[in-house]
Amino acid sequence: MAAQTYDVIVIGAGPGGYVAAIRAAQLGLKTAVIERENLGGICLNWGCIPTKAMLRSSEVFHLMHRAKEFGLSADGIGYDLDAVVKRSRGVAKQLSSGVAHLLKKNKVTVIMGEATIPAKGKVSVKTDKGTEDLAAKNIILATGARARELPGLEADGDLVWTYRHALTAPRMPKKLLVIGSGAIGIEFASFFNTLGADTTVVEVMDRVLPVEDAEISGMAKKAFEKQGMKIMEKSMVKQLDRAKGKVTAHIEAGGKVQKMEFDTVILAVGIVGNTEGLGLEALGVNVDRTHVVTDEFCRTGVEGLYAIGDIAGAPWLAHKASHEGAMVAELIAGKHAHPVKPESIAGCTYCHPQVASVGYSEAKAKELGYDIKVGRFPFVGNGKAIALGEPEGLVKTIFDAKTGELLGAHMIGAEVTELIQGYVVGRQLETTEEDLMNTVFPHPTLSEMMHESVLNAFDRTIHF
């Protein structure tokens, strides 16, 4: 039986995969997408979306405890963890169903199964009904990544969790250890700490949220400690001793090892690309530390084979994957595709307070040799922030002193994950400080701080 032939086959239906498939179909290409688990991938089902649903619950819980500040009263405040998890899973299910609808609407063939690439332009899919052979001139790898586990620190779903276990938490931790303070670790630390867990975060680097600007990381640490978290930087968990209902962690810091007891541990020590079992080595694909090496257009070096999203390396962000998916589809269709620029992709962390950034940090800009001007504006100087009861935070901007180019923007505080897009657009349009200073920002809004931070970089601040 001849193999079913397509113009494009996408392996993986996460944000990058399903966007690539839909865009290819919109451009008139016969397209199939293969998914082994859930449409929408990790992001919609086990990552971005369900975590934000859970964080929203903890945010409302936090605000309820502050009711008196706003002239309100709320008695008997509590939570039902099972109900919080159920709502989160419902949100994920709704969006996953939405992806199925969009693929069907755009006439994309969906095949549920495990894919391998036995030869260039060939795909074999193991499904519930047997093996299906497909062929395509263009194949897009969008298989994503999974949580990294370290020897001796493996998750068991009982005492030691990955993000998947945390998203369907069977119980509320009383004393929680979070290993790793990147976005995933800090978001779960923020969620469980807000609901009352005694939370310790261990980070091997010299600061929490190590990819962020150092000044923002410092402010975040202070905020977390004020909320009761214990932050251990330049520390490493060397061993976990598991017993009934408890885990003893051996934590090395400053050359000394101390033992601390917890009832729950969450691992958040990075991710591993899903490259196994695809047949990439035989095809001659270059895989470096579990991630496929590509050029700026996501080409692997093997004709007709592309890799997008987490499998193709940092930054490991759903919006980066989605943009790459659309770009590759347009490239295949012969359109003028624009490569993704990692330094213009925003990073967002939905802890409390929120953290968001785009472009170079102050240290990186200096390292690259720029003569810089730095502007800052605190939330306490903004009317809307004070009215919201959110006076703690900062907007920081970094400019090239010679050209006025916006090199980077870094924020911490309420709703900064929404505000950051203004600076993202500014960088995409190659905006200068003059353009931003001449822009009229609405009042009263948090966005006014973006304007004031720019003014501050050039000694023109009005309201602080």
Side-chain angles (χ1 to χ4, degrees), residues 1-50 89-118 121-146 164 273-280 298 304-312 318-319 321-333:
M1 184 176 176
Q4 182 67 44
T5 302
Y6 295 88
D7 296 316
V8 178
I9 293 176
V10 183
I11 303 177
Y18 78 74
V19 168
I22 289 171
R23 186 67 186 121
Q26 288 175 342
L27 292 167
L29 301 172
K30 185 181 179 183
T31 305
V33 64
I34 302 162
E35 172 56 49
R36 68 181 180 182
E37 192 172 5
N38 302 114
L39 295 179
I42 292 297
C43 176
L44 265 63
N45 294 280
W46 296 103
C48 316
I49 301 303
R89 301 314 307 154
V91 170
K93 183 178 180 181
Q94 179 182 342
L95 288 170
S96 183
S97 299
V99 171
H101 168 73
L102 290 171
L103 290 166
K104 183 177 181 180
K105 175 185 174 184
N106 285 279
K107 297 181 173 57
V108 174
T109 299
V110 176
I111 302 169
M112 300 302 294
E114 191 96 20
T116 58
I117 309 173
K122 306 292 183 183
V123 176
S124 179
V125 188
K126 188 177 181 180
T127 71
D128 291 340
K129 298 178 181 178
T131 300
E132 192 171 340
D133 294 321
L134 312 173
K137 186 177 179 182
N138 302 285
I139 299 171
I140 302 174
L141 299 172
T143 52
R146 62 187 184 277
R164 285 203 179 210
N274 293 323
T275 58
E276 306 92 341
L278 291 167
L280 301 184
C298 300
L305 184 63
Y306 305 82
I308 63 174
D310 288 355
I311 193 179
H319 43 288
S322 297
H323 197 86
E324 286 178 337
M327 177 199 70
V328 169
E330 289 167 6
L331 188 68
I332 290 169

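None of these values were measured; they are calculated from a predicted model.
- In this structure, A307 and A312 approach most closely via the heavy-atom pair O-CB, 3.6 Å.
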(request) Given side chain to side chain contact (heavy atoms under 4.5 Å, CB included), test T5 with L134 step by step and report yes or no. (result) CA-CA 6 Å; T5 302; L134 312 173; over 6 Å; no
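- For G325 against V19, the heavy-atom pair with the smallest separation is C-CG1, 4.5 Å.
- Applying the side chain to side chain donor-acceptor pair (under 3.5 Å) test to every pair with at least one member in residues 134-144, sequence neighbours left out, gives no pairs at all.
- Here L141 contributes atom CG and L305 contributes atom CG; the two are 4.5 Å apart, rounded to the nearest 0.5 Å.
- The 12-atom threshold is not exceeded at CD of Q94, counting heavy atoms of other residues, nucleotides or ligands nearer than 6.0 Å.
- Between the side chain of E35 and the backbone N or O of G12 there is no donor-acceptor pair closer than 3.5 Å.
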(request) For salt bridge (charged side-chain N to carboxylate O under 4.0 Å, His left out), just list the numbers for E37 and R146, CA-CA rounded to whole Å, side-chain angles, deciding distance to a tenth of an Å, and then say yes or no. (result) CA-CA 13 Å; E37 192 172 5; R146 62 187 184 277; over 6 Å; no
Please list, one pair per line, the donor and acceptor atoms closer than 3.5 Å that link side chains of residues 98-115 to other protein atoms, with sequence neighbours excluded.
{"residue": "N106", "atom": "ND2", "partner": "L102", "partner atom": "O", "Å": "2.8"}
{"residue": "E114", "atom": "OE2", "partner": "R36", "partner atom": "NH1", "Å": "3.1"}

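- Using a 4.5 Å cut-off on side-chain heavy atoms (C-beta onward), I34 and V10 make no contact.
- Formation of a donor-acceptor pair under 3.5 Å by the T116 side chain with backbone atoms of P118 is not found in this model.
- Atom CE of M327 sits about 3.5 Å away from atom SG of C298, to the nearest 0.5 Å.
- Within a 6.0 Å radius of NZ in K30, other residues, nucleotides and ligands contribute more than 12 heavy atoms.
- The heavy-atom pair separating T127 from E132 by the smallest distance is CG2-OE1, 4.5 Å.
- Rounding to the nearest 0.5 angstrom, the gap separating the OH atom in Y6 from the CG atom in L29 is 13.5 Å.
- Side-chain contact check for I308 versus I140: some heavy-atom pair is nearer than 4.5 Å.
- Rounded to the nearest 0.5 Å, atoms CG (D7) and OG1 (T31) are 6.5 Å apart.
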Could you pull out all donor-acceptor pairs under 3.5 Å where a side-chain atom in residues 38-50 meets a protein atom, sequence neighbours excluded?
{"residue": "N45", "atom": "ND2", "partner": "L39", "partner atom": "O", "Å": "3.0"}
{"residue": "N45", "atom": "ND2", "partner": "G41", "partner atom": "O", "Å": "2.8"}

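- Residues I117 and K122 form no side-chain contact, since every pair of their non-hydrogen atoms from C-beta on lies 4.5 Å or further apart.
- When all heavy atoms are compared, the tightest approach of A24 to V8 is CB-CG2, 4.3 Å.
- Counting only distance, with no hydrogens or angles, the side chain of S97 and the backbone of K93 share a donor-acceptor pair below 3.5 Å.
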